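For reference, the structure discussed in these notes is given below.
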Amino acid sequence: MAKFVFALNQSLDGYVDHMAFGPDAVLFRHFIDDVRGLAGSLHGRRMYETMRYWDDDRPEWDEAEREYAAAWRNQPKWVVSRSLTSVGPNATLIGSDIEAEIRELKAQRDGVIEVAGPQLAGSLTELGLIDEYRIYLHPVVLGSGKPFFTGPRPPLHLVASDRIGADVIRLTYVPAQS
């Protein structure tokens, strides 16, 4: 059975915005290695459309960006959307019976499948399908934006905290046992 992990960069005040702040070289290397080790990724429409940036080579990329793109392209992706009619390479569209298809994906796969997108993660949290939350906490205050948690969440239990690079702490939580 797959383990669903919701992981995103977050500001100190709880917001996610990939355009407002990004990873330093050490954290980016961590993300390259992380993506290489995934069994796949599950995206909401908006996050998938943002991440499609990595589908096409760009001449301005450095070696690390080319490595990340290769890792992204290599992993299977599932995209949850009722509005998209097609998805790019190595991606499967989930759009009809979303809950059943996601439960089947979780049951049939092994390894970590990263959940990308706060809205999708919120929906999966309501269904009790998120096994782990990884918050990459950056020393940035945004003041507004899209929150990491989009709604109520179960009580969480901290299982790890790791410093990555100079300024980021990864906090790893699992749903608390009742």
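This structure is a prediction, so every number in the text was calculated from the model and none was measured.
In this structure, the separation between CD1 on Ile164 and CG on Asp24 is 9.5 Å, given to the nearest 0.5 Å. The CG atom of Asp131 sits 7.0 Å away from the NZ atom of Lys3 when rounded to the nearest 0.5 Å. Atom OG of Ser83 sits about 9.0 Å away from atom CZ of Arg46, to the nearest 0.5 Å. The CD1 atom of Ile113 sits 4.0 Å away from atom CG of Leu105, with the distance rounded to the nearest 0.5 Å. Taking CZ from Arg163 and CG from Leu137, the interatomic distance works out to 12.0 Å, rounded to the nearest 0.5 Å. The NZ atom of Lys146 sits 14.0 Å away from atom OG of Ser11, with the distance rounded to the nearest 0.5 Å.
Between Lys106 and Glu104 no salt bridge is recorded (no basic side-chain N to carboxylate O distance below 4.0 Å). Arg134 has no carboxylate O lying under 4.0 Å from a charged side-chain N of Glu114, or vice versa, which leaves the two without a salt bridge. Using a cutoff of 4.0 Å between basic side-chain nitrogens and carboxylate oxygens, Arg73 and Asp57 are scored as salt-bridged. Between Glu65 and Arg58, none of the side-chain N atoms (NZ, or NE/NH1/NH2) sits under 4.0 Å from a carboxylate O, so this pair counts as no salt bridge.
Using a 4.5 Å heavy-atom cutoff, the side chains of Pro118 and Leu8 are in contact. Considering only heavy atoms from C-beta on, Asn9 comes within 4.5 Å of Leu27 through its side chain. Annotation: side chain of Ile94 is in contact with side chain of Ile102 (closest heavy-atom distance under 4.5 Å). Taking the side chain as every heavy atom from C-beta outward, Gln75 and Ser41 approach each other to under 4.5 Å. Tyr136 places none of its side-chain heavy atoms less than 4.5 Å from the side chain of Phe148. Contact annotation: the side chain of Val80 never approaches that of His43 to less than 4.5 Å [non-hydrogen atoms, C-beta and beyond]. A heavy-atom distance below 4.5 Å is not found between the side chains of Val159 and Tyr173. Proximity of Phe21 to Leu142: side-chain heavy atoms (C-beta onward) are separated by under 4.5 Å at one or more points.
Under the 3.5 Å distance criterion, with hydrogens and angles disregarded, a donor-acceptor pair is assigned to the side chains of Asp55 and Trp72. Looking at Tyr133 and Thr125, their side chains do bring a donor and an acceptor atom within 3.5 Å of each other.
The backbone N or O of Asn74 lies less than 3.5 Å from a partner atom in the side chain of Asn90, making a donor-acceptor pair. For Asp110 (side chain) and Ala2 (main-chain N/O), no donor-acceptor pair under 3.5 Å exists by modelled atom type.
At most 12 non-hydrogen atoms from other residues, nucleotides or ligands lie less than 6.0 angstrom from CZ of Arg82.
Under the rule for a side-chain contact (heavy atoms from CB on, under 4.5 Å), the partners of Ala160 that lie at least two apart in sequence or sit in another chain are Asp162, Thr172. Checked against salt bridge (Lys or Arg N to Asp or Glu O under 4.0 Å), Arg66 has the following partners two or more places apart in sequence or in another chain: Glu63.
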Worksheet item: Which is it for Phe4 and Trp78 under the ring pair (Phe, Tyr, Trp, His ring centres under 6.0 Å) test, yes or no, and what are the steps along the way?
Response: CA-CA 13 Å; Phe4 282 176; Trp78 296 271; 8.7 Å; no

Item to complete: Take Phe31 and Tyr68 through the ring pair (Phe, Tyr, Trp, His ring centres under 6.0 Å) test and state the conclusion after the steps.
Response: CA-CA 8 Å; Phe31 288 146; Tyr68 185 88; 7.6 Å; no

Item to complete: For the pair Leu93 and Leu84, evaluate side-chain contact (heavy atoms from CB on, under 4.5 Å) and give the outcome as yes or no after the intermediate values.
Response: CA-CA 8 Å; Leu93 185 60; Leu84 292 177; 4.1 Å; yes

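A continuous path of hydrophobic side-chain contacts links Phe28 to Val35 [ILVMFWY only; heavy atoms under 4.5 Å]. Placement of Ile130 and Phe149 within a single hydrophobic cluster is found when ILVMFWY residues are connected by side-chain heavy-atom separations under 4.5 Å, directly or transitively. Leu120 and Met51 fall within a single hydrophobic cluster, where Ile, Leu, Val, Met, Phe, Trp and Tyr side chains are chained together by heavy-atom contacts under 4.5 Å. Val174 and Leu156 sit in two unconnected hydrophobic clusters of ILVMFWY residues. Membership requires side-chain heavy atoms under 4.5 Å apart, directly or through other members. Residues Ile169 and Phe6 share a single hydrophobic cluster, defined by chaining ILVMFWY side chains whose heavy atoms lie under 4.5 Å apart.
Closest heavy-atom contact between Gly88 and Tyr48: N-OH, 2.7 Å. Pro76 approaches Ala39 most closely through the heavy-atom pair CG-O, 3.3 Å. The two residues Val79 and Ala91 come nearest to each other via the heavy atoms CG2-CB, 4.4 Å.
Among residues at least two apart or in separate chains, salt bridge (charged side-chain N to carboxylate O under 4.0 Å, His left out) pairs with a member in residues 90-102 are Glu99-Arg103.
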